[in-house]
Amino acid sequence: MKNSKKTNRKLLMTASMVTSLIYIGWRIFFTIPVGYGIISTIAGIALVVSEAIGVLEAFSHYKNMSTDKFKEMPEVSPDLYPEVDVLISTHSEVPELLYKTVNGCIHMKYPDLNKVHIYICDDKNRPEMKQLAMDMGVGYFGMAENKFAKAGNLNNALSKTNSPLVATFDADMIPTSNFLLETVPYFFLPKMIKNEDGSWRLRTAGEMDENYKIGFIQTPQSFYNADLFQYNLFAERNVPNEQDYFFREINVGRNSTNSPIYAGSNTVISREALEDAGGIRTDTVTEDFATGIDIQAKGYTCYAIPKVLAHGLAPNSFKSLITQRQRWGRGCIQTLRNTKFLFGKLPLKAKMSYLVSFLYWWTFLRRFVYILSPILFTVFGIIVVDCSLWELALIWLPSYLIYNRSLMILSGNIRSQKWSNIVDTIIFPYMIIPIFAETFGFKLNKFAVTSKERVVSKNAGITYAIPHILLSAVSMVGLWKCIANMIAYRSYGSIILIYWLIVNLYFLFMAIVFMTGRVNYRSEERFYAKVDVEIATPTNKFAGVTSDISERGLAVLLERPEFIPYDTDVDLAVNYLDYHADVSARVFHVGQSESGWKYSFKITHMTEENKRTYFQIVFDREHTLPKFIHSGFVKDVAEIVNGQMKHSHVSNRKLPRVPLNKVIAAQDGRQIRVINYNYEYILLSGVFGGEALTLSCGSDIVIYCIPLSCKPIENATLCRIENWREAAENPKLREFLVG
């Protein structure tokens with residue numbers, strides 16, 4: 001079955017490559033409108049070059065992903081694990097953010113923890129960062145004047161440490177406890193070999209290859225908060241993080257050409273490789289990307305692995321997102337230009353891989369060309385493609401359908417062509433000029449740190465959508481003219497243009513929706529995870545399991561509607577794997593769901609020791625956002641419409657409202673039906689005016705009720721229970737409520 005799938009995959013990839021080559025060949029030699037004037041010729045060439053570059057990128061991905069992506073991790077004897085320096089770089093981030101990262105590093109497992117040396121690398125020499133390092137028992141390197149941004153910060157730390165391996169983390173990237181155990185063994189690949197029985201042993205002298213040295217192991221950059229594309233488009237339940245495709249598929253595929261990209265964080269690097277490369281590169285704004293190339297050019301083998309071992313924060317403002325992408329794009333071009341990679345020591349395969357990296361940043365100009373081309377023809381009458389409907393149907397359509405299908409398979413169902421186009425459409429107006437500028441020598445020298453501050457207001461703003469609105473308006477004009485032309489002249493060749501315009505309008509619509517933003521009310525991210533919790537009130541103990549958990553609170557599911565006082569703290573014992581944390585918390589909301597009664601708690605106090613353990617319970621896990629795509633044109637729009645129409649409703653209910661529909665006796669002998677009960681209040685069927693009522697809820701439970709209003713609520717009366725606390729603490733009340 002496995003071989004059959006592999007064969008089918010190869011056949012699909014081959015079909016995609018063949019049909020794409022046929023299509024591009026046809027486009028280049030037969031469809032450029034050279035006879036329709038200079039503007040048509042330029043527009044036609046721009047479109048065909050854009051398509052050809054897309055095919056080249058696809059071929060590169062096909063090639064990389066059709067080979068073995070990564071090596072198996074060796075099994076290493078605990079005594080062989082070397083010393084590791086863990087460097088956490090920080091610039092302007094707040095101590096609270098660094099606390100979580102340092103705490104994650106402290107809890108990393110290793111055969112001998114004395115071999116792990118953790119340092120906060122602060123390039124602003126801030127007293128609060130030095131104090132944080134002292135409080136958490138880690139090292140600290142401060143810099144008063146840092147001329148080389150993150151590169152200078154790391155180089156300073158490297159000059160003061162000496163472990164053979166170096167792990168680098170950004171300020172927000174929290175490693176899981178098994179980070180080192182899942183990365184360090186790869187450095188033994190040159191020294192170890194697998195036996196036929198599956199066991200690993202050290203190579204003999206004759207089996208050693210002196211040229212085989214590991215440079216770095218790059219793990220994915222993963223995020224525990226929804227990125228802007230997920231959040232603003234209400235897709236956080238259906239679409240993976242925008243960076244997942246690159247780190248889990250593209251970068252891993254680059255192993256086949258020994259060109260995986262060093263991303264600056266979540267990485268373990270050989271100190272020897274760094275020293276051979278001259279340290280962290282300082283002449284570029286993307287020091288990580290450049291340093292990776294330098295290491296590979298020195299003959300070191302580098303691997304990207306798909307296993308997620310650290311999580312951080314994705315930018316949550318459009319300004320931060322664009323600043324980040326402009327720095328990445330300009331830094332990539334700047335590095336490749338400075339390195340002269342085509343004439344350097346990199347192998348040919350690696351050079352081609354980095355050439356594709358360069359071409360990727362022209363995707364945004366290509367997206368503009370794809371949007372503009374049908375507009376030029378339908379609105380301004382400028383011929384862009386000289387062909388017939390039947391030629392398109394026979395040559396373009398098969399290539400288009402097969403390419404989209406193969407991309408879905410190659411991406412591991414992480415990314416679709418449609419979603420890639422949505423992302424590119426959103427940001428292309430703000431990338432074209434910076435990429436042009438950097439390509440033609442206008443160098444970006446200032447290093448910009450991506451902001452990690454939470455934005456709770458509208459994330460982008462309609463002003464950012466002006467280019468998209470203008471293009472949408474012109475596309476609508478083109479669509480109207482195209483439809484009118486088809487009806488008037490039965491020009492069925494317009495079908496392709498209509499489809500093209502509609503698809504572009506869909507992408508532009510998604511961009512406009514994205515720019516209008518979405519308010520983020522949460523102060524911290526939730527993980528939807530099941531964690532065992534024991535709740536201790538002054539009179540009872542209850543066992544439950546969380547539905548979600550965050551650094552400041554948790555929601556616990558209970559089978560019964562238990563009484564948990566909301567005006568005083570209760571004790572929670574939280575247990576997960578080998579972690580145990582005791583915290584004090586207070587109920588701030590109670591509701592009912594299909595899984596049980598949901599009690600939401602806000603943590604009010606925990607000791608330092610319990611805080612560190614509790615944070616591990618929260619963060620030492622995979623994020624709970626989607627890992628695979630479940631998206632479609634109709635589904636995407638439906639999610640947006642539902643999300644926009646849904647209004648946030650703040651409920652202050654702090655005790656469970658239990659539906660009863662029971663008949664109980666009043667002191668005067670009347671039989672009264674109870675509709676629902678929530679300890680403090682009771683809703684009775686009928687009208688009782690202002691008279692006080694004494695009700696019996698069992699042999700030992702008597703409650704005294706005072707109606708709140710003479711006006712009935714749908715022929716029912718809401719009463720306040722005078723002795724509610726006494727009744728609530730009576731253990732026999734549970735039998736009344738659930739019996």
Side-chain angles (χ1 to χ4, degrees), residues 12-13 16 19-20 23 47 50-51 53-55 57-58 61-62 65 226-246 248-250 321 325 360 362-375 392 396-429 431 465 468 471-472 475 479 495-515 625-643:
L12 182 62
M13 300 309 144
S16 183
T19 55
S20 295
Y23 172 70
L47 181 58
S50 297
E51 291 179 287
I53 291 174
V55 169
E57 285 183 339
H61 298 335
Y62 292 164
M65 295 181 183
D227 67 30
L228 280 180
F229 304 105
Q230 293 171 297
Y231 193 76
N232 280 11
L233 296 175
F234 299 89
E236 64 265 42
R237 294 182 300 174
N238 303 318
V239 177
N241 182 281
E242 185 252 344
Q243 288 294 299
D244 275 9
Y245 179 46
F246 174 78
R248 288 166 52 195
E249 291 289 340
I250 298 295
L321 174 69
R325 298 308 160 88
Y360 165 76
W362 290 91
T363 296
F364 306 103
L365 178 60
R366 286 156 43 202
R367 180 98 301 266
F368 181 53
V369 170
Y370 291 142
I371 293 173
L372 192 61
S373 293
I375 293 173
L392 284 172
W396 166 76
L397 188 58
S399 173
Y400 176 78
L401 295 175
I402 294 173
Y403 173 78
N404 278 276
R405 178 59 182 164
S406 60
L407 178 65
M408 181 66 74
I409 293 176
L410 277 175
S411 68
N413 206 25
I414 300 172
R415 176 65 66 88
S416 67
Q417 181 70 13
K418 173 183 70 69
W419 197 256
S420 293
N421 289 337
I422 290 172
V423 172
D424 294 343
T425 301
I426 288 169
I427 63 180
F428 84 83
M431 295 298 296
H468 306 94
L471 287 169
S472 295
S475 294
L479 183 62
I495 292 174
I496 299 295
L497 284 168
I498 291 171
Y499 172 76
W500 195 349
L501 287 164
I502 289 174
V503 169
N504 282 345
L505 280 166
Y506 170 80
F507 298 145
L508 290 165
F509 162 78
M510 297 293 276
I512 294 168
V513 171
F514 173 93
M515 295 301 181
L625 294 165
K627 296 179 178 63
F628 304 101
I629 194 166
H630 303 283
S631 174
F633 286 94
V634 176
K635 186 174 184 178
D636 292 342
V637 174
E639 290 286 356
I640 289 171
V641 172
N642 291 336

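Note that these values count all heavy atoms, side chains included, but never hydrogens, waters or copies made by symmetry.
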Indicate the atoms forming the closest heavy-atom contact of [X] with [Y], along with that distance.
{"X": "Arg325", "Y": "Met431", "result": "O-CE, 3.3 Å"}
{"X": "Lys418", "Y": "Ser631", "result": "NZ-OG, 2.8 Å"}
{"X": "Ser475", "Y": "Leu501", "result": "O-CD2, 4.1 Å"}
{"X": "Leu505", "Y": "Ser472", "result": "CD2-O, 3.6 Å"}
{"X": "Trp419", "Y": "Ala235", "result": "CH2-CB, 3.9 Å"}

Without swapping roles, check the side chain of Tyr360 against the backbone of Glu57 for a donor-acceptor pair under 3.5 Å. no
Side-chain (Arg415) to main-chain (Val239) donor-acceptor, under 3.5 angstrom: no
Please identify each residue that fulfils salt bridge (Lys or Arg N to Asp or Glu O under 4.0 Å) with Asp424, with sequence neighbours left out. none
Under the rule for salt bridge (Lys or Arg N to Asp or Glu O under 4.0 Å), what residues qualify as partners of Asp244, not counting sequence neighbours? Arg248
If you measure from [atom1] on [X] to [atom2] on [Y], what distance do you get to the nearest 0.5 Å?
{"X": "Ile426", "Y": "Asn421", "atom1": "CD1", "atom2": "CG", "value": "11.0 Å"}
{"X": "Phe246", "Y": "Asn241", "atom1": "CZ", "atom2": "CG", "value": "13.0 Å"}
{"X": "Asn238", "Y": "Leu233", "atom1": "CG", "atom2": "CG", "value": "11.0 Å"}
{"X": "Tyr245", "Y": "Ile414", "atom1": "OH", "atom2": "CD1", "value": "8.5 Å"}
{"X": "Leu12", "Y": "Ile402", "atom1": "CG", "atom2": "CD1", "value": "7.0 Å"}

Does the side chain of [X] reach to within under 4.5 Å of the side chain of [Y], using non-hydrogen atoms?
{"X": "Ile371", "Y": "Phe428", "result": "yes"}
{"X": "Leu479", "Y": "Ile498", "result": "yes"}
{"X": "Val513", "Y": "Asn232", "result": "no"}
{"X": "Arg367", "Y": "Asn504", "result": "yes"}
{"X": "Ile422", "Y": "Phe514", "result": "no"}
{"X": "Phe364", "Y": "Ile427", "result": "yes"}

With the threshold set at 4.0 Å, does a side-chain nitrogen-carboxylate oxygen contact exist between Arg237 and Glu639? yes
Checking Tyr506 now: which residues fulfil side chain to side chain donor-acceptor pair (under 3.5 Å) with it, not counting sequence neighbours? Asp636
Under the side chain to side chain contact (heavy atoms under 4.5 Å, CB included) rule, collect the residues that match up with Pro429, sequence neighbours excluded. Pro467, His468
With sequence neighbours left out, what residues match Ala226 under side chain to side chain contact (heavy atoms under 4.5 Å, CB included)? Gln230, Tyr231, Glu236, Leu625
Which residues share a ring pair (Phe, Tyr, Trp, His ring centres under 6.0 Å) with Tyr400, sequence neighbours left out: Trp396
